[in-house]
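This report refers to the structure that appears directly beneath it.
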Amino acid sequence: MGLLSLGTPLPWDKSQQYTELIRHHGIEQFLALYNKMKDKKTECLLFGDEVEYMVIFMDHNNKNAKLSLRVSEIFSELAKEEAEAENDPKKTVQSGWRPEYARYMLEGTPGTPFGNRLVDLTRVESSMKLRRQTVMKYLRANETVVTVTSFPRLGCLGEFLEPHFEPGGPVAKSLFVPDEVINPHPRFPTLTANIRTRRGSKVAINMPIFHDIKTPKPFIDPTIPWNRDKFPEDREAASGAALPDHIYMDAMSFGMGSCCLQITFQTRTIGDARRLYDQLATLTPIMLALTAAAPIWRGYLSDTDCRWDVIASSVDDRTKEERGLEPLKNNKFVINKSRYDSIDTYISTDARLKPEYNDLPLVYDESIYKKLIDNGIDDLLARHLAHLFIRDPLVIYDELLHQDNETSTDHFENIQSTNWQTVRFKPPPPNSNIGWRVEFRSMEVQITDFENAAFAIFIALLTRIILVYGLNFYIPISKVDQNMGIAHKRGAALNEEFWFRKSIYDDPVPPAGGCHKGHHVSEINGANLTNGSTNAKWEKMTIDRIINGDDGHFIGLIPLIKRYLDTSDIDHDTRRQLDRYLDLVSKRASDTSIPTGNLPTTATWIREFVRSHPKYNYDSVVSQEINYDLFKTIEKIQTGQTKVPAFLDGFEI
Ligand code: ADP
Ligand code: MG
Ligand code: MG
């Protein structure tokens, strides 16, 4: 996430009067920026990753791995080191640090983005390693920094924080977590409370329980304090918010307190950024499934492998009216998704974007759409923005209400940056030499730097082949949504099939500069998009087939990347290193090249770790001791002390 503003964020009852003002000026700011930047060209395809970390306190006496709330102290040291390097011309900034939602989290980026030569890709892993070592310098004995997507025992009975706090504070009013888990910067508690207040209830997150041999059926969670009577909201659990056979969670920290791996790419032109946005969007569910790393929530094995749905629900600020549960009275729209979700509309000016591919009914603000169109924005981009702008700004700073729309984009960013979607189209920041960018946001963070580097590099190479070969991954966007659902299924990477375009090489890219008029699904009458049709341009494929190809029918993304590398000017050493990263991705996707289970996803590996632990009772419960042993093993894996044959052997560089 970006830098935090300093100021006084307004509570929801004071914010509401300004939401229209922020939206109005946000669009003015976008227009001013767009007019200045629309023709901006940059030479370099720069990119950078964001890795999110948790700091763990290992209580060896009690065999308990806990989340450390000491990260703000560690962060101050990191920020000091970063600022010193910035101000010293003899030093280079090696890594960038940002605070994150939870008080046990950190986000690290490379000091400067990576360049566009293939050899620059080989810097990613060393940059990630250096970041981890940098944090480690500031850790105390018994603390460790890990890249784990979800902390298995967040919100369990007993102690899971160091130091311990009792659950339930006025901000989140959670039955399970204390407010002390939230980063104390005013932005974060305000975001939490405003989402809850706007929604009119606590957020309700329900992930299906993994029914193991001895898990009770139905599963009614005995650890929920059903009868707590501290806040009126305490009654929500028993009044239907907590579903049977599900793991119930009631606070933003369950979602925003999980960690991910994001990659941002700068393109040469706005057109390339729009093209990349669409093409990458189709891959977000596939990469979510392949990087799946979150099989445990609140101490229980879940029947899902990914974090995405948890975060989506954890920041779902829609009112009952907006969720379609009550007739519209005070709100303007019924909205089908959380503000953290998959994208609803493609935006490229690529003529291969057929109108029928934008087949989700798009909810957008008509007056904002009109304003954008009247000011020369094309239909597709206007729809995209008018869709983002159906949301309210969630954190408004009193001091920042009035700004110069020619020079500031704060109001625009307020709404843009709280639409947490699978891909993000990022305009250049004002007064910078940064170009148009796209962020790939669906991947879960992996345990080792090697794996995180491998996935970051894979996506970076994909962007090259998308642009160089003019690849066409378009499928109807509703199918991308179906793929998001499929991605969550347990073991989806190997067991499920995903909608994918059969011929990704067809329809060569039209000559640059051709900006076609936007279309809308309602314009098509009787378009035949039936999936069963043998003529359909898409079908269901395994991830193995998508990534590795098959005999002659579908080329596969890695063979295409290798073809690209074969024809690139690249030295032997660089190629060898890149091949090792590609091997990891290839083998994660594959169920045939090695005996099944040899290279499972992180989620499968964690699940199996739990299920084969001698203390596991086959009742879905991940006890304090199992969790402790898991983190002991993770610590050893990531520092290279243990080679786990299950998924790393032979792949370490
Ligand atoms: P966010 O919008 O997620 O807060 P940031 O702006 O903090 O994103 O940066 C995300 C990533 O973008 C970082 O890895 C950073 O190195 C990278 N980045 C910064 N400048 C550029 C650029 N010009 N082109 C591509 N990536 C960049
Ligand atoms: Mg982040
Ligand atoms: Mg980001």
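Whatever order the structure lists them in is the order used to number ligands and atoms, beginning at 1.
Of the candidates Leu381, Asn35, Ile415, Phe30 forms a side-chain contact (heavy atoms from CB on, under 4.5 Å) with just one, namely Leu381. For the side-chain contact (heavy atoms from CB on, under 4.5 Å) with Phe47, the qualifying choice from Asp120, Ile263, Asn116 is Ile263, the only one to do so.
The N/O atoms of Arg441, backbone and side chain alike, include none that comes under 3.5 Å of an N/O atom in ligand 1. Of the N or O atoms in Glu50, one or more lie within a sub-3.5 Å distance of an N or O in ligand 1. Not a single N or O atom of Glu107, backbone or side chain, sits closer than 3.5 Å to an N or O atom of ligand 1. Considering backbone and side-chain atoms alike, Gln266 places an N or O below 3.5 Å from some N or O of ligand 1.
Backbone or side-chain N, O or S atoms of Gln262 reach the Mg ion (ligand 3) at under 2.8 Å. Residue contact annotation: Glu107 places no N/O/S atom under 2.8 Å from the Mg ion (ligand 3). Between the Mg ion (ligand 2) and Glu100 there is an N/O/S contact shorter than 2.8 Å.
For Tyr346 and Tyr277, the distance between ring centers is not under 6.0 angstrom. The ring of Tyr397 has its center no closer than 6.0 angstrom to the ring center of Tyr18.
Atoms of ligand 1 found under 4.0 Å from any heavy atom of Leu46, numbered from 1 in the order shown, are 23 (N), 24 (N), 25 (C). When each atom of ligand 1 is checked for a heavy atom of Glu439 under 4.0 Å away, the hits are 3 (O). Below 4.0 Å from some heavy atom of Phe47 lie the following atoms of ligand 1, by number and element: 25 (C), 26 (N). Against a heavy-atom cut-off of under 4.0 Å, Asp49 is close to the following atoms of ligand 1: 13 (C), 14 (O). Atoms of ligand 1 found under 4.0 Å from any heavy atom of Thr264 (numbered from 1 in listed order, with element): 10 (C), 11 (C), 12 (O), 25 (C), 26 (N).
Under the 3.5 Å distance criterion, the side-chain polar atoms of Asn405 are left unmatched by any main-chain donor or acceptor of Glu28. Distance alone, capped at 3.5 Å, is enough to place a donor-acceptor pair between the Asn87 side chain and the Ala83 backbone.
Under a 4.0 Å heavy-atom criterion, Lys426 is in contact with ligand 1.
Taking the side chain to side chain contact (heavy atoms under 4.5 Å, CB included) definition, one finds that Ser313 meets it with Ile205, sequence neighbours left out. Residues meeting the side chain to side chain contact (heavy atoms under 4.5 Å, CB included) test with Glu82, sequence neighbours left out: Glu86, Val93, Trp97, Arg98.
Scanning Pro113, Ser95, Ser432, Pro110 for the heavy atom closest to atom 19 (C) of ligand 1 points to Pro113.
Closest to the Mg ion (ligand 2) among the N, O or S atoms of Glu52 is OE2. Closest N/O/S atom of Glu439 to the Mg ion (ligand 3): OE2.
The aromatic rings of His25 and His411 sit tilted relative to each other, their planes meeting at an angle between 30° and 60°.
Remark: Asp449 does not engage Lys129 in a salt bridge, criterion side-chain N to carboxylate O under 4.0 Å.
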